[in-house]
Amino acid sequence: MSGDHSHSEDQVDGGPRFSDSQKHKDKFKKEHKHKDHKKEKEREKSKHGNSDHKDFSDKKHKDKEKMKHKDGSTDKYKDKYKEKRKEEKIKSFDCKVKLEKENGFDSPLHLKSEPENIFHSPKNDKSLKRERDDDDYEIKPKKIKTENDKKAKKRKPQVEDIKTVKTKNKKGEMPDGKKKAKKEPEEKWKWWEEERYTDGVKWKFLEHKGPVFAPPYEPLPSNVRFYYDGKPMVLSADAEEVATFFAKMLDHEYTTKDVFRKNFFKDWRKEMTPEEKAKITDLKKCDFSEMHQYFKAQTEARKAMTKEEKLKIKEENERILQQFGFCIMDNHKERIANFRIEPPGLFRGRGDHPKMGMLKRRIRPEDIIINCSKDSKYPEPPPGTRWKEVRHDNKVTWLVSWTENIQGSIKYIMLNPSSRIKGEKDWQKYETARRLKKCVDRIRNQYREDWKSKEMRIRQRAVALYFIDKLALRAGNEKEEGETADTVGCCSLRVEHIKLYPEIDGQEYVVEFDFLGKDSIRYYNKVPVEKRVFKNLQLFMENKEPDDDLFDRLNTSILNKHLQELMDGLTAKVFRTYNASITLQAQLKELTSEEENIPAKILSYNRANRAVAILCNHQRAPPKTFEKSMQNLQTKIDAKKEQLSAAKRELKGAKADAKVRKDEKSKKAVESKKKAVQRIEDQLMKLEVQATDREENKQIALGTSKLNYLDPRISVAWCKKWGIPIEKIYNKTQREKFAWAIDMAEKDYEF
DNA sequence: CTAAAAACTTAGCACTGACAGG
DNA sequence: CCTGTCAGTGCTAAGTTTTTAG
């Protein structure tokens with residue numbers, strides 16, 4: 001019954017597309033809609049049967065092959081792991097895995113001889129295979145390891161040229177070690193040369209010290225007062241603490257926002273004693289200015305501290321870092337990302353957030369769930385307290401979790417990006433994107449076909465996928481209304497977010513997007529699309545209100561299910577990764593020119609990076625000092641130009657002089673003047689490049705794409721190819737995160 | 001299954017300390 | 001020396017995807 005009904009609704013051709021019942025539904029709550037989707041989806045599935053599954057047989061084969069490989073070669077590993085377990089119990093941090101031996105034998109591969117002909121040579125096949133294929137969550141073939149290692153060793157000296165200079169100072173000439181008793185293993189652990197866990201196990205051993213709690217509240221000195229209705233009033237400790245949160249933010253804009261004030265006041269009152277509650281009924285009558293002043297003074301005082309005091313604080317932080325900032329996971333000491341519990345305060349949502357100003361409550365040990373090995377030494381809760389729970393779940397990666405009170409979501413303490421567990425995942429992400437590269441043509445053809453489908457839901461799916469692919473939009477999960485800011489992604493686009501122009505600015509079939517995406521960052525774009533897409537959009541928008549969903553027959557779970565059928569591991573966000581990385585690679589190829597010097601090459605890199613950031617809509621507020629700093633730079637450039645022409649004049653003079661005198665001394669003078677000119681030219685060039693770069697970067701944030709979307713091996717390969725020191729591209733943190741890529745990518749790496 | 005919860009990635013901004021320039 | 005600037009980093013919100021529970 002309902003099946004027939006909705007089937008007719010599904011038809012694209014003929015008659016009004018949205019029957020009354022559809023419209024009705026749209027006005028209803030979202031949940032209703034979803035149920036309908038799901039039903040339809042179900043029906044679809046059974047109708048279509050398994051035509052899609054053919055594609056997979058191949059993959060399964062591959063998997064099997066890999067398994068074989070694994071079984072044939074892992075015994076050594078197993079032993080090694082056993083060893084490790086033992087060692088863990090002894091808790092020695094620096095026991096080294098004995099991998100080296102395995103790298104001892106020579107690989108027949110000749111590295112030097114593969115520069116050209118990258119694409120089809122069998123050698124290249126090898127190097128491709130060496131990259132992990134990712135759906136084999138298991139092993140990388142041994143051989144590879146060997147190759148990698150050898151190469152790595154050969155390469156190191158070159159790569160580290162610059163580094164060595166720096167490190168010498170640090171390591172060599174600082175025997176006292178600045179108190180940083182760093183007992184890190186001398187050689188960095190190359191987890192990427194090791195076997196990975198299968199079957200969802202994330203670790204076998206995990207030991208840590210638990211979280212660091214926010215410092216307890218320190219009551220204000222009695223001379224700092226709060227006034228209500230013009231009269232001083234002493235607050236209870238709890239009420240006072242919350243009041244200080246507000247007082248600290250006083251010169252921030254959102255303390256003027258209604259929603260913020262309302263939420264704050266409501267939550268504040270919850271912390272008050274009945275007496276306070278009875279008295280304090282109007283936020284407008286509250287005067288926090290004395291408190292505000294006090295905190296400002298505190299900040300000043302902190303700035304004005306002596307070096308010794310600052311050093312002391314620094315040392316204390318370092319001590320805490322050493323004590324709590326690391327864990328032992330499977331025999332290796334790993335850095336924890338966020339070992340400090342988020343302190344209490346007022347929630348600052350982004351954009352127009354309905355919950356802004358709410359009290360984010362203090363987290364106590366009783367809220368904390370600890371996750372660690374059974375056979376590890378459990379972290380101690382602070383004296384007189386206890387953990388909510390200690391569990392031993394090695395199917396997850398977190399060490400500590402608690403439930404946050406604003407959204408009721410769970411927060412986690414996890415490892416640093418440089419850790420094995422994050423790195424492997426990251427690597428895997430790029431491998432999935434590379435697999436998409438291999439079948440993206442097929443998928444594109446498919447969705448183009450689907451634009452013609454007679455089923456509405458298929459068409460919507462296909463158009464949405466087209467946007468995700470072409471524009472790198474996010475998937476766009478539906479969100480609960482009133483819980484978060486009103487932002488959308490692809491699947492949750494509403495009619496009001498796009499405008500259609502059959503013709504504009506000399507282009508046909510233009511779609512104008514204007515909506516708020518993640519973090520309430522505006523996405524604005526005018527793009528010409530294919531005619532069929534355009535027609536489809538018109539169809540989707542027919543008879544809808546502005547606030548109706550554009551893709552009313554689609555959500556992220558439908559879309560992702562579809563994608564999963566097209567390629568194993570494929571989800572919407574893989575397209576972002578894929579398109580970002582492939583764009584970087586293409587742009588680098590296009591923009592880098594042989595003869596440019598290093599700064600110019602780096603400008604090219606940044607431009608390539610920028611192309612990606614624009615694609616992904618990674619924006620930033622222009623720095624507050626932007627105009628000024630631009631001006632400063634211009635001044636410098638002008639000065640440098642002056643200097644250059646002066647130097648040129650001098651050179652001319654010297655030349656003339658040398659012509660006359662013809663002695664050694666004057667020749668030398670010419671040489672040195674020449675060098676001076678050259679040097680100044682370089683400097684000028686550098687400044688100009690810097691200016692260009694900065695100007696172009698005004699509202700674009702490069703960091704996000706660099707960190708999350710660009711296969712680091714592309715950048716590493718580029719650096720190696722052009723002899724650019726990796727430090728010019730990645731700072732220290734980034735180098736740590738991408739250590740795997742820096743170690744393994746060769747100059748001919750191809751995404 | 002399907003919704004909700006959990007897990008994990010991605011995101012911009014505020015703060016800070018090192019360092020360049022006066 | 002002091003001051004301003006800016007890159008680097010910490011923070012935590014806000015997404016997506018995966019897993020679980022009902």
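Every chain is numbered from 1, with letters handed out A, B, ... down the list of sequences.
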- [ ] Could you say whether Tyr709(A) or Trp398(A) is positioned toward the 5' end of DNA chain B, judged by the nucleotide with the nearest heavy atom to each?
- [x] Trp398(A)
Task: Check: Asn525(A) side chain, Phe513(A) main-chain N or O, donor-acceptor pair, under 3.5 Å - done: no
- [ ] Would you mind telling me which residue lines up with the more 5' stretch of DNA chain C, Arg340(A) or Gln407(A), judged by nearest nucleotide?
- [x] Arg340(A)
Open item on the list: Of the options dT17(C), dC11(C), dA11(B), whose atoms approach the side-chain atoms of Thr704(A) most closely?
Closed with: dA11(B)
TODO: Answer yes when Lys411(A) and Glu342(A) have at least one side-chain N-carboxylate O distance shorter than 4.0 Å, and no when they do not.
DONE: yes
Open item on the list: It should be established whether Thr733(A) places a side-chain nitrogen or oxygen under 4.0 Å from OP1 or OP2 of nucleotide dT9(C).
Closed with: yes
Task: Closest listed nucleotide, where the reference is the side chain of Pro343(A) and the choices are dA11(B), dT12(C), dG15(C) - done: dT12(C)
Task: Cation-pi, Phe295(A) ring and Lys248(A) (6.0 angstrom, 45 degrees) - done: yes
Open item on the list: Parallel, tilted or perpendicular: which one describes the rings of Phe738(A) and Tyr730(A), with boundaries at 30° and 60°?
Closed with: tilted
Open item on the list: Should the side chain of Lys395(A) and the base of dT19(C) be counted as holding a donor-acceptor pair, with the cut-off at 3.5 Å?
Closed with: no
Task: Distance in angstrom units between Lys429(A) NZ and dC8(B) C1', rounded - done: 11 Å
Open item on the list: Taking the basic N atoms (NZ, or NE/NH1/NH2) and the acidic carboxylate oxygens, is any pair closer than 4.0 Å for Arg494(A) and Asp549(A)?
Closed with: no
Task: Heavy-atom closest contact (Gly423(A) atom, Trp191(A) atom, distance) - done: C-CH2, 3.4 Å
TODO: Starting from P on dA11(B), measure out to CG on Leu473(A) and report it in whole angstrom.
DONE: 13 Å
- [ ] Looking only at side-chain atoms of Asn338(A), point me to the closest of dT12(C), dA11(B), dC8(B).
- [x] dT12(C)
- [ ] Give a yes/no answer on whether the side chain of Thr397(A) brings an N or O atom under 4.0 Å of OP1 or OP2 in dC8(B).
- [x] yes
TODO: Taking all non-hydrogen atoms of both residues into account, name the closest pair between Phe467(A) and Cys490(A) and its distance.
DONE: CB-SG, 4.0 Å
Open item on the list: dA13(C), OP1 or OP2 - any side-chain N/O from Lys518(A) closer than 4.0 Å?
Closed with: no
TODO: Give the rounded distance in Å between these two atoms: NZ of Lys706(A) and P of dT9(C).
DONE: 12 Å
Task: Lys248(A) side-chain N/O to dA14(B) phosphate OP1/OP2 under 4.0 Å - done: no
Task: Phosphate contact (dA6(B) OP1 or OP2) by Ser401(A) side-chain N/O below 4.0 Å - done: no
Task: Closest to side chain of Lys411(A), choosing from dA11(B), dT16(C), dT12(C) - done: dT12(C)
Task: Value in whole Å for how far the P atom of dG17(B) lies from CE of Met305(A) - done: 8 Å
Open item on the list: Let's see if you can work this out: which of dA14(C), dT16(C), dC8(B) has an atom nearest to the side-chain heavy atoms of Lys573(A)?
Closed with: dT16(C)
TODO: Would you mind classifying the nucleic acid contact of Gly476(A) as base, sugar-phosphate or nothing, using non-hydrogen atoms under 4.0 angstrom?
DONE: sugar-phosphate
Task: Gap between atoms NE2 and P, on His618(A) and dC13(B) respectively (whole Å) - done: 12 Å
- [ ] Could you check how far CD of Glu478(A) sits from P of dT16(C), rounded to whole Å?
- [x] 10 Å
- [ ] Classify the nucleic acid contact of Thr487(A) as base, sugar-phosphate or nothing, counting any heavy atom under 4.0 Å across all strands shown.
- [x] sugar-phosphate
Open item on the list: Heavy atoms from C-beta onward define the side chain here; which of dA11(B), dA7(B), dT16(C) lies closest to that of Val396(A)?
Closed with: dA7(B)
- [ ] Just call it for Ile406(A): base, sugar-phosphate, or nothing, with non-hydrogen atoms closer than 4.0 Å on any strand.
- [x] nothing
Task: Any Asn731(A) side-chain N or O less than 4.0 Å from OP1/OP2 of dG8(C) - done: yes
Open item on the list: Classify Lys360(A) by what it touches in the nucleic acid, base, sugar-phosphate, or nothing, heavy-atom distance under 4.0 Å.
Closed with: sugar-phosphate
- [ ] Please tell me which of Arg391(A) and Arg576(A) maps to the more 5' nucleotide of DNA chain B, matching each residue to the nucleotide holding its nearest heavy atom.
- [x] Arg391(A)
TODO: Measure from the side chain of Met414(A), starting at C-beta and using heavy atoms only, and say which of dT10(B), dA7(B), dT17(C) lies closest.
DONE: dA7(B)
Open item on the list: At less than 4.0 Å, is any side-chain N or O atom of His353(A) found next to OP1 or OP2 of dA13(C)? Yes or no.
Closed with: no
TODO: Find the distance Leu615(A):CG to dT10(B):C1' and express it as a whole number of Å.
DONE: 15 Å
Task: Phosphate-side-chain proximity, Arg474(A) and dA11(B), N/O vs OP1/OP2 below 4.0 Å - done: yes
Open item on the list: Using a heavy-atom cut-off of 4.0 Å across all strands, would you classify Glu404(A) as base, sugar-phosphate, or nothing?
Closed with: nothing
TODO: Kindly say if Asn477(A) contacts the phosphate of dG15(C), meaning a side-chain N or O under 4.0 Å from OP1 or OP2.
DONE: no
Open item on the list: Over all strands shown, is Ala572(A) touching base, sugar-phosphate only, or nothing at heavy-atom distances under 4.0 angstrom?
Closed with: sugar-phosphate
Task: Sidechain N-carboxylate O distance under 4.0 Å for Glu431(A), Arg713(A) - done: yes
Open item on the list: If you only use heavy atoms from C-beta on, which nucleotide in dG12(B), dT9(B), dT17(C) is closest to the side chain of Lys425(A)?
Closed with: dT9(B)
Open item on the list: Is the phosphate of dC8(B) approached by Lys202(A) (side-chain N or O, under 4.0 Å from OP1 or OP2)?
Closed with: yes
Open item on the list: Please report the distance, rounded to the nearest Å, between OH in Tyr412(A) and P in dA14(C).
Closed with: 17 Å
